[in-house]
> 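Quick one: this structure, given as structure tokens, is what I'll be asking you about.
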Amino acid sequence: MRYNVQESETRWQKIWADKKSFLAVEDKSRPKYYVLSMLPYPSGRIHMGHVRNYTLGDVVARYKRACGFNVLHPMGWDAFGLPAENAARERKIHPATWTYDNIKNMRAELVRMGLSIDWTREFATCDVTYYKHQQKLFLDFLKAGFVYQKEAWANWDPVDHTVLANEQVIDGKGWRSGAPVEKRKLSQWFFKITTYAEELLGALEGLDRWPEKVRLMQENWIGKSSGARFMFALADDSKQSDDTQPKDIEIFTTRPDTLFGASFIAISPHHPLAAALAKNDKKLAAFIATCDRTSTSEVAIETAEKHGYDTGLKARHVFDQSWKLPVYVANFVLMDYGTGAIFGCPAHDLRDLEFALKYKLPVKPVVLPPDKTAETFKIDKEPYLGNGTIFNSDFLNGLDVEAAKQAAINKIQSLKAGQGTTLFRLRDWCISRQRYWGCPIPIIHCESCGAVPVPEKDLPVKLPDDVLFDKPGNPLEHHPHWKNVSCPKCAKPARRETDTCDTFVDSSWYFARYCSANLADKPLDRHQVDYWLPVDQYVGGVEHAILHLLYSRFFTRAMHATGHVGVDEPFAGLFTQGMICHESYKDKDGKWLYPEEVEKMPNGQATEIKTGEAVTVGRSETMSKSKKNVVDPGQIIDSYGADTARLFMLSDSPPERDLEWTDAGIDGAWRYLNRLWRMVAEPPIALPPIGTPRPQNFAAKTETIIRLIHRTIADVSSDFERFHFNRAVARVRELSNALEEMNANDTESAWVLREGLETLARLINPMLPHIAEEMWKLLGHKIMLVETPWPKADPALLIEDTVTIAVQVNGKLRATITLPRDLDAKKAEALALADSNVRRALEGKTAKKIIVVPNKIINVVA
RNA sequence: GCGGCCAUGGCGGAACUGGUAGACGCGCUAGCUUGAGGUGCUAGUGGGGGAAACCUCUUGGAAGUUCGAGUCUUCUUGGCCGCACCA
């Protein structure tokens with residue numbers, strides 16, 4: 001007999017659905033646990049990354065459920081976005097049709113994975129019933145001051161008539177059109193994420209169940225730096241281009257302690273002063289134009305080379321009005337950071353040093369390293385960045401770097417030239433997208449009233465269905481009448497905002513919406529949200545380490561401020577899984593081949609099945625459609641079943657690391673599934689009926705098995721708690737190996753075997769839910785495993801009476817001895833020394849020192 | 001360039017706070033069983049030596065701390081990831 005996977009898996013899936021096994025209902029009497037896998041984009045098919053992601057989430061959900069938690073484990077669709085519009089353009093399918101068809105297919109695939117999801121809470125972010133609430137949140141945020149509109153530079157694709165995200169600009173060209181991207185100033189909507197910059201940074205520390213790596217990435221992204229901003233006055237005798245030219249330059253620095261080492265001022269090519277000067281300086285205008293050109297296309301290559309243009313202007317040093325510094329326009333100074341102007345201190349900054357060496361500017365050290373003397377210390381090709389004592393610096397002399405920073409800031413403030421300040425790298429979040437398939441921004445533009453929020457009673461602002469994708473640009477803009485409305489304030493003819501929201505907005509609150517997914521009249525129900533939030537365990541890919549997670553953290557704070565939720569942090573625990581990798585194959589013409597088009601030889605060579613020609617085998621790398629090194633989960637589940645796929649995902653590789661897909665691995669998982677089934681379908685010993693009382697005594701061999709059963713319960717439980725699923729699988733396999741070897745046909749052994757098999761079924765249940773239920777049923781149980789609590793290890797059976805102790809002589813293992821547990825150190829010592837191997841290793845020498853670590857090791861030093 | 005992570009058999013990986021390195025699996029070898037096409041069972045499997053007991057070397061490399069280091073420290077090599085002139 002063989003295990004009939006397909007029959008069994010579809011049967012259990014139906015039973016779970018019929019019994020509503022995974023329906024989540026608020027229940028104050030039980031602790032809640034919210035498990036969430038990252039929202040999938042409905043591309044049409046699930047891929048291996050999804051399988052891994054949802055398997056991990058499902059193991060946690062099923063395990064916590066068995067442990068007595070009231071579990072919420074929902075699923076939905078991140079359904080807005082560009083691919084649907086591309087499909088519409090390329091294949092003349094309406095984005096909605098394309099999206100909902102894809103959702104239907106993918107939902108069916110997810111159901112076949114046997115996930116313990118509460119499907120009653122499912123929604124797609126493109127449902128009007130979802131995005132109308134998002135529009136309400138937008139209006140609330142607007143009222144609370146989290147939203148504003150401003151002119152901002154955007155990457156504009158002149159062929160597709162659309163704005164491109166930075167990652168859609170490749171070598172300065174649009175990723176679809178290939179046309180050189182232009183910088184255009186557009187009026188766009190922003191969320192004020194910078195309001196919370198300090199808090200988003202500070203709260204990272206409290207996210208102790210987040211990967212260190214992700215917290216670090218967010219920390220760097222937010223990029224806090226403290227320093228000072230202050231004015232350098234332009235000297236009177238500087239040449240003046242016209243009256244509109246500013247009289248001073250404001251700079252930002254994190255190193256006010258090095259001010260006495262200043263040798264120049266540099267401003268960005270985009271600085272207003274540069275623009276003013278360029279009006280009467282053709283050479284400068286040309287220089288700025290060169291900077292613009294290199295700044296878009298060849299950023300990576302040009303990074304090293306620094307260029308500057310001496311404006312001829314002089315700036316007076318803040319601390320010494322007689323000291324005049326030259327003012328350069330320099331290509332390495334960014335306009336959108338700080339004030340767009342810096343002072344250069346070559347001795348203590350690499351970039352300033354490069355610049356100074358190139359333009360022969362003075363290099364004057366002002367920080368003396370602890371091991372150097374003032375007379376001999378010189379800066380050559382390397383700036384000195386470390387701590388030290390300030391010298392050559394007037395009133396700062398003798399201070400260390402930190403003290404000097406503070407002293408310099410105090411002085412600047414007393415001079416009324418500026419003040420100490422903190423700067424963040426984090427920018428406000430531009431949410432405007434010039435696209436159709438997104439949530440409309442609920443704003444009406446009126447000639448006389450300006451940007452007017454759509455009144456709440458008029459929500460939702462629905463996307464029109466009758467749109468055409470026959471020409472480039474935003475279909476909402478081209479629609480015959482959708483954008484023509486009357487102003488809600490003055491009733492004059494006005495124009496709807498035709499921008500839609502960035503899809504990151506959709507995914508910034510979906511986790512909260514699941515708590516009251518079917519609520520019609522408002523976005524969230526405070527009681528339900530307060531019960532379920534925060535998400536206890538969030539699972540997804542590292543690729544969202546910054547944007548999605550940071551936006552969600554901001555959104556949650558904004559929702560808190562507007563009274564929609566009661567928490568600041570959406571995700572208490574975060575787990576980021578690794579990618580799925582596979583070898584790639586190329587034919588002789590260099591065209592990629594799918595794995596199923598290739599036959600592998602035992603010697604590692606490969607040939608194309610169709611042609612018989614040799615195939616180049618590439619190294620294993622992340623599965624991607626472009627390289628065709630993908631394996632379709634649907635096909636795997638068809639032939640091996642969901643449990644096999646799930647087991648493969650959990651075995652061997654730790655979940656945070658990349659996983660290599662191999663056919664051998666899936667075969668191994670499949671064989672194990674069959675072994676499990678055979679163990680209960682055809683047990684080696686006849687099993688006693690359920691509820692047979694536990695025998696009083698066991699033979700030593702049987703006792704060992706009993707102890708192993710309980711050891712395994714304890715180990716697997718702690719492995720699950722710590723996301724060590726590969727270890728859990730190993731522990732489970734050890735137990736099944738031991739049970740398979742049982743052959744004594746006595747009543748005690750039979751009892752222990754039943755105990756072992758039942759434990760096995762319960763332990764694998766979170767990972768392999770279908771076969772676990774099947775085994776449980778074969779063992780005669782009427783109550784399903786989904787309703788059966790997690791097994792508890794008997795603490796008495798976890799403690800061994802005897803322990804095996806390693807005996808070392810001079811740090812080298814010479815013997816292992818078995819001793820009663822917690823044996824007195826002196827006695828243990830004596831027994832160790834009596835061991836023949838130990839005596840031989842000592843070669844008659846006497847022990848100088850003996851280290852005894854109870855129940856672990858004895859080291860004899862001779 | 002800056003910041004971070006990682007390195008263990010032929011392969012994926014175990015080893016909790018420094019305490020028997022190589023659990024578990026894949027692969028391979030030998031034998032048995034089964035047999036038409038994702039079988040099952042037994043034994044073995046880090047390198048070198050030995051019939052064996054056992055000895056010896058071994059966690060990218062070099063040094064150090066320690067009775068004892070895969071684990072801690074310093075240097076070094078290689079790989080992966082993030083940021084990239086952020087003043």
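Computed over heavy atoms, backbone and side chain alike; hydrogens, waters and symmetry mates excluded.
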> Assign A/R814 to base, sugar-phosphate, or nothing according to its heavy-atom contacts below 4.0 angstrom with the strands shown.
sugar-phosphate
> Using a 4.0 Å heavy-atom cut-off across all strands, classify A/S225 as base, sugar-phosphate, or nothing.
sugar-phosphate
> Let me know the distance between CD1 of A/I857 and C1' of B/A69, rounded to the nearest Å.
12 Å
> Counting heavy atoms from C-beta on, name the nucleotide in B/C24, B/A87, B/C67 closest to the side chain of A/N859.
B/C67
> Nearest whole angstrom, please: distance from the C1' of B/G25 to the CG of A/L659.
13 Å
> May I have the distance from A/L259 (atom CG) to B/A87 (atom C1'), rounded to whole angstrom?
12 Å
> Across the strands shown, which category fits A/T662 at heavy-atom distances under 4.0 angstrom: base, sugar-phosphate, nothing?
nothing
> Of all the choices, B/A21, B/C67, B/C24, which nucleotide is nearest to the side chain of A/L813 once you look at every atom?
B/A21
> So, taking the atom named OG1 in A/T816 and the one named CD in A/Q808, what distance separates them when rounded to the nearest 0.5 Å?
12.0 Å
> Kindly say if A/R727 contacts the phosphate of B/G12, meaning a side-chain N or O under 4.0 Å from OP1 or OP2.
no
> Can you check the A/M579 CE to B/G79 P distance for me, whole Å?
19 Å
> Parallel, tilted or perpendicular for A/Y551 and A/W429, by the 30°/60° rule?
parallel
> Starting the side chain at C-beta, find the nucleotide from B/U17, B/G3, B/G13 nearest to A/K856.
B/U17
> Would you indicate which nucleotide in B/C67, B/U17, B/U20 comes nearest to any side-chain atom of A/T816?
B/U20
> Rounded off to whole Å, could you give me the CE-to-C1' distance for the A/M767 and B/G25 pair?
14 Å
> Give me the distance, rounded to whole Å, that separates B/C80 from B/G64 when you measure between the P atoms they each carry.
32 Å
> In this structure, how many angstroms lie between the P atom of B/G25 and the CG atom of A/L650, rounded?
16 Å
> Applying a 3.5 Å limit to both distances, which nucleotide forms a Watson-Crick or G-U wobble pair with B/A43?
B/U29
> Regarding A/E198 and A/K224, does a basic nitrogen lie under 4.0 Å from an acidic carboxylate oxygen?
yes
> Could you check which of B/A87, B/G3, B/C26 has an atom nearest any side-chain atom of A/L216?
B/G3
> According to the Watson-Crick and G-U wobble definitions, with both distances under 3.5 Å, which nucleotide is paired to B/G78?
B/C6
> Of the candidate nucleotides B/C55, B/G25, B/C85, which contains the atom at the shortest distance from the side chain of A/R733?
B/G25
> With a non-hydrogen cut-off below 4.0 angstrom, is A/V807 in contact with a base, only sugar-phosphate, or nothing?
nothing
> For A/V861, report the nucleic acid contact type (base, sugar-phosphate, nothing); a contact means any heavy atom under 4.0 Å.
sugar-phosphate
> Side chain of A/R731 only, heavy atoms from C-beta on: which candidate in B/A23, B/A87, B/G40 is closest?
B/A23
> With A/F648 as reference, evaluate A/W670, A/W661, A/Y672 under the ring pair (Phe, Tyr, Trp, His ring centres under 6.0 Å) test and give the passing residue.
A/W661
> Rounding to an integer number of Å, can you tell me how far A/L385 CG sits from B/A87 P?
12 Å
> Whether the side chain of A/K306 and the base of B/C85 hold a donor-acceptor pair under 3.5 Å is what I'd like checked.
yes
> Determine whether the aromatic ring centres of residues A/F264 and A/F355 are separated by less than 6.0 angstrom.
yes
> Nearest to the side chain of A/I342, heavy atoms from C-beta on, is which of B/A23, B/A87, B/G68?
B/A87
> Starting the side chain at C-beta, find the nucleotide from B/A87, B/A14, B/U56 nearest to A/Y337.
B/A87
> Applying a 3.5 Å limit to both distances, which nucleotide forms a Watson-Crick or G-U wobble pair with B/A14?
none
> Of the nucleotides B/U56, B/A14, B/G68, which has the atom closest to the A/Q808 side chain?
B/G68
> According to a strict under-4.0 Å criterion, is A/N737 in side-chain N/O contact with OP1 or OP2 of B/G25?
yes
> Taking 4.0 Å as the cut-off, does a side-chain nitrogen or oxygen of A/K213 come that near to OP1 or OP2 on B/C80?
no
> May I have the distance from A/W661 (atom CH2) to B/C11 (atom P), rounded to whole angstrom?
22 Å
> Tell me whether the OP1 or OP2 atom of B/G3 has a side-chain N or O from A/R215 closer than 4.0 Å.
no
> Heavy atoms only, 4.0 Å cut-off, all strands: where does A/K812 land among base, sugar-phosphate and nothing?
sugar-phosphate
> So, for A/S8 and A/Y3, which heavy atoms are closest and what is the spacing to 0.1 Å?
OG-OH, 3.0 Å
> Would you call the rings of A/F343 and A/F230 parallel, tilted or perpendicular if under 30° counts as parallel and over 60° as perpendicular?
tilted
